[in-house]
Amino acid sequence: MSKCLSNNLGDMQNTQPAMLAAKDLLAHAMAPVYRVINGVLVVTVFMVVGLWLSGNGTNAGPFDLARILVPDEARHMVWSNGFGMLDQYKSANESTATAAPETDIAAVIYNKSSVKQHTVALLMPSVVQVQVKSISHLADRIPTSKVDPQALDSNLMGSIQNQRAVADFFEKKYSLDRAKIEEYVSNTILIAKEVNIDPVLLLAVISIESNFNPNTKSQAGAEGLMQVMTSVHRDKYAVYGGTTQAVKPEVNIRVGAYILKYLIATAGSLRNGLKFYVGAANAEDDGGYADKVMAERNRLIGLCQTRSVNRLTLNGKDLRS
């Protein structure tokens, strides 16, 4: 019996080296196959990415893939200004992390518990009661240091007298209904506070883009008071219920103001931002668009400054001192 067991153990010991040798031989034989499979996978990945990058899309070329990987605004900022911009966005997000996200505009501006507190007098105060989501969650990501100082609020529209003078100007220029023009002016001032951009600039853009007609629609698909390209900016309209809301002044001005501020920061100056806004970023000139907006802006500034000087004078006596 013991002799039989010894023979079986000897056979098993002889078999194990043979099995190991067979496994080594099989692994050696399959190694080229594995290398081929891995090579095919790598080539396939590169082909898919290459076809993706060379395909046609809303933003052709490498932007197609980037549009999926990162948000649209962050992609443009990083591409144009380097990754240093991304660090500024992170610090900006950390500093505003305590702000209530996507609250309505009235709460953002007037709620005492809110981080943002602004006091502003309006020709039509009732516009504050309209429940509209804030776009500050996007606008606050744009560092103020990147925005041309000319595009920041100079507080000329903080005076009811100046607001009334501007409303008078546009009422006569476009034969508008008085209540409507006061509504548009008040909404613009309110939204300018939310986005942190000059309301005089926004009013000038609205004047040139749509003549204060919210139902204006271009052949290219730009809609509303600020003529925002609805199909391009669907994502920004999503929070307001979709692109069907694009004609509403309180929505259109809000989205347009954010886009304009973003483009000014990206382009590096107010004039270049206006050039980008009209869609002439890659053209030699913008067909005079920036000049028209700047001229209208300067008219409004002159109008407000004249009113401010007159308000500081009584019976020919200077009250500024």
Sorted by chain and number, sequence neighbours left out, side-chain contact (heavy atoms from CB on, under 4.5 Å) with Phe276 holds for Leu263, Ala267, Ala281
Is a side-chain N or O of Tyr174 found less than 3.5 angstrom from the main chain of Asn213, in a donor-acceptor match?
no
Hits for side-chain contact (heavy atoms from CB on, under 4.5 Å) against Ala283, two or more places apart or cross-chain, chain-then-number order -> Ala280
Tightest non-hydrogen contact, residues Asp198 and Ala192, listed as C-CB, 4.4 Å
So NZ of Lys261 and CG of Leu202: to nearest 0.5 Å the spacing works out to 11.0 Å
On a heavy-atom basis, the closest approach of Ala179 and Met124 is O-CE, 3.2 Å
Sequence neighbours excluded, the answer for side-chain hydrogen bond (donor to acceptor under 3.5 Å, both in side chains) partners of Glu209 is Tyr289
Can a donor-acceptor pair be found, under 3.5 Å and without considering hydrogens, that links the side chain of Ser210 to the backbone of Ile206? yes
Practice task
Using modelled atom types only, decide if a donor and an acceptor are shared between the side chain of Arg297 and the backbone of Val293 within a distance under 3.5 Å.
Solution key: no
The side-chain hydrogen bond (donor to acceptor under 3.5 Å, both in side chains) partners of Asn252 (sequence neighbours excluded) come to Tyr237
Sequence neighbours excluded, the answer for salt bridge (Lys or Arg N to Asp or Glu O under 4.0 Å) partners of Lys217 is none
Hits for side-chain hydrogen bond (donor to acceptor under 3.5 Å, both in side chains) against Lys292, two or more places apart or cross-chain, chain-then-number order -> none
Tracing side-chain contacts under 4.5 Å among Ile, Leu, Val, Met, Phe, Trp and Tyr outward from Val247 reaches none
Residues passing the salt bridge (Lys or Arg N to Asp or Glu O under 4.0 Å) test with Asp291, sequence neighbours excluded, are Arg271
Separation between OG1 (Thr188) and CG (Leu201), nearest 0.5 Å, reads 11.0 Å
Q) Any donor-acceptor pair under 3.5 Å linking the side chain of Tyr262 with the backbone of Ile142? A) no
Note to self: Counting neighbours of CG on Asn38 that are heavy atoms of other residues, nucleotides or ligands and sit closer than 6.0 Å, is the number greater than 12?
What the structure shows: yes
Taken in chain and number order and not counting sequence neighbours, the residues that satisfy ring-ring contact (aromatic ring centres under 6.0 Å, His included) with Phe212 are Phe170
Rounded to the nearest 0.5 Å, the CG atom of Leu156 sits from the CD atom of Gln163 at a distance of 11.0 Å
Sequence neighbours excluded, the answer for side-chain contact (heavy atoms from CB on, under 4.5 Å) partners of Asp168 is Arg164, Glu171, Arg178
Separation between CD (Glu182) and OG (Ser126), nearest 0.5 Å, reads 9.5 Å
Practice problem: Please check if the side chain of Glu194 supplies one atom and the backbone of Ala139 the other of a donor-acceptor pair under 3.5 Å. | Solution: no
Nearest heavy-atom approach of Ile160 to Leu123 is CD1-N, 3.8 Å
Heavy-atom closest pair (Ile253 atom, Leu225 atom, distance to 0.1 Å) is CD1-CD1, 3.8 Å
Residues Cys304 and Met157: closest non-hydrogen pair is SG-SD, 3.8 Å
Those residues at least two apart in sequence (or on a different chain) that pass side-chain contact (heavy atoms from CB on, under 4.5 Å) with Asp148 are Gln150, Ile264, Ser269, Leu270
*Apply the test side-chain contact (heavy atoms from CB on, under 4.5 Å) to residues Leu260 and Leu274: give CA-CA distance (whole Å), side-chain angles for both, the deciding distance (0.1 Å), then the verdict.*
CA-CA 7 Å; Leu260 179 59; Leu274 290 170; 4.0 Å; yes
Per side-chain contact (heavy atoms from CB on, under 4.5 Å), Val130 is matched among Lys248, Glu183, Glu250 by Glu250
Correct closest heavy-atom pair for Glu223 and Ala246 would be OE2-CB, 4.2 Å
Residue pairs passing the ring-ring contact (aromatic ring centres under 6.0 Å, His included) test with at least one member in residues 146-168, sequence neighbours excluded, are none
